[in-house]
Amino acid sequence: MIFKLAGIKRVMKRPQQRRTLALLGALTIAGLLNDLFAAAVNYDEAKVGALPLPNVLRMEDGQSVTNAAIWRSLRRPEILRLFETQVYGKLLPRPATQSFRVVAEDRTLLDGRATRRDVEMDITVATNGTALKFTLILPNHRTGPVPVFVGIHVFDTSHSYPQPARARQLPGAPKQTDEDNARAGRAALDRILSRGYGVASLNVESLAPDSGTNYWRGVARLYGRTQPGSPGAEETGVIGIWAWGLSRAMDYFETTTDVDARRVIAIGHSRMGKTALWAAANDERFAAVVSNNSGCGGAALSKRDFGETVAIITRAFPHWFCGNFSKYGGHEELLPVDQHELISLIAPRPVYVASAVDDGWADPRGEFLAALNAEPVYRLLNVGGLGVNTMPAPDQPVGGTISYHYRQGQHALTDYDWEQYLAFADRCLSNVKTGK
Ligand code: GCU
């Protein structure tokens with residue numbers, strides 16, 4: 001050690017080598033690398049660029065989409081295919097064999113006002129199998145099947161008080177104790193359940209762990225992936241696998257009389273907001289979808305250079321997308337599809353996009369513009385749309401079948417957000433014929 005230090009001191013005497021050493025040292029510090037990366041992120045609206053968006057109502061061959069039939073039979077499948085081949089990869093097929101087991105049920109949650117049910121889904125593909133896990137919380141005062149919000153990690157299923165509205169802590173803020181968290185969790189759950197909704201959360205571990213090296217050890221393994229490595233050109237990425245998992249939860253809802261499977265809302269925050277949108281785009285059994293601060297690869301337009309970009313996200317999280325998506329990092333002009341078209345795939349079903357003022361990374365304006373530019377499809381299908389052309393002021397929710405808000409505060413799924421989503425659900429699910 002002493003010898004090494006002496007050696008370094010010697011080298012440090014020479015200016016050129018001193019610079020090289022300093023540089024090498026800096027390069028090994030991951031945090032600094034991140035900072036350098038962050039420095040390249042644009043937060044200036046004047047520098048966003050002006051790449052044109054693909055016209056959601058024009059086919060790739062230039063043909064205009066003038067009615068609902070052409071939308072349904074030609075344009076919608078075309079857009080879906082572009083997302084499958086260029087962004088997320090095609091969803092895996094439904095497993096040939098799947099069954100559900102209630103592994104625990106506790107009817108005494110929230111002083112007896114709610115039931116917590118832990119479910120495992122056994123799925124088998126060829127001779128391989130795994131068990132997916134999720135937790136469903138139902139209000140006990142129900143008189144029939146209830147509508148449900150479902151998402152991945154909407155709350156922490158390992159916690160005795162699931163916390164569907166736990167805000168992310170600002171650095172330096174007083175640390176929240178378990179008791180604080182439990183209180184916040186109870187209050188949020190109370191709010192959702194007392195309005196007559198259930199809430200369900202899936203775990204990612206057996207589905208696809210959120211790791212570039214381990215994601216394949218989940219369901220991807222059953223479908224033929226045998227080793228680590230980023231997804232191939234059109235191979236399903238992790239967002240696709242998570243979305244597939246939401247559809248498996250929906251399969252369960254169709255089997256249980258406690259849930260109204262025709263009034264299930266896919267919901268997700270951030271990476272899980274991207275997932276909720278893609279799940280509902282593929283699986284039309286979801287009655288509506290809520291994207292909370294989903295950002296790049298979610299509701300935010302990829303062709304705007306603001307906050308996180310295609311280059312940044314595919315470098316940091318290559319496992320989330322199909323391999324092709326990374327080709328568009330720095331070449332967004334070549335991307336044949338953009339995220340307003342992801343929202344258009346939800347039409348005519350209701351969709352809520354939400355942004356936060358201190359969440360520039362997710363590009364709030366890009367999220368608003370994606371919602372706005374999906375509107376032509378909603379109008380074509382005669383269900384109205386956003387109803388405004390300009391981004392609303394903070395804390396002024398807008399919209400109809402497409403809804404949007406720009407909340408004060410940071411990147412999180414907060415009580416305020418839940419309040420808006422419950423009102424949205426009340427508003428738009430009242431027309432849906434109840435199931436069962
Ligand atoms: C990172 C990532 C985002 C993602 C977010 C999250 O910030 O860059 O794209 O939405 O994590 O999931 O919290």
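Indexing begins at 1, ligand by ligand and atom by atom, following the structure's order.
- Below 3.5 Å of separation, one finds an N or O of E308 facing an N or O of ligand 1.
- With sequence neighbours left out, T226 forms a side-chain hydrogen bond (donor to acceptor under 3.5 Å, both in side chains) with no residue at all.
- Per-residue contacts place S270 under 4.0 angstrom from the following atoms of ligand 1 (heavy atoms of the residue considered): 4 (C), 5 (C), 6 (C), 10 (O), 12 (O), 13 (O).
- Ranked by closest heavy atom to atom 1 (C) of ligand 1, the top entry among M272, R271, H269 is R271.
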Check step by step if side-chain contact (heavy atoms from CB on, under 4.5 Å) holds for S247 and F286. CA-CA 9 Å; S247 288; F286 291 107; 4.1 Å; yes
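- Aromatic pair F306/Y43: centroids less than 6.0 angstrom apart.
- With a 4.0 Å heavy-atom cut-off, ligand 1 is reached by the side chain of I313 but not by its N, CA, C or O.
- In terms of polar-atom proximity, W361 is counted as a contact of ligand 1, with an N or O under 3.5 Å from an N or O of the ligand.
- A search for ring pair (Phe, Tyr, Trp, His ring centres under 6.0 Å) contacts involving Y378 returns nothing, not counting sequence neighbours.
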Determine whether E78 and R75 satisfy the following criterion, salt bridge (charged side-chain N to carboxylate O under 4.0 Å, His left out), listing intermediate values before the conclusion. CA-CA 5 Å; E78 183 175 70; R75 182 59 171 151; 2.8 Å; yes
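- The ligand atoms of ligand 1 that sit less than 4.0 angstrom from a heavy atom of K274 are 3 (C), 4 (C), 9 (O), 10 (O).
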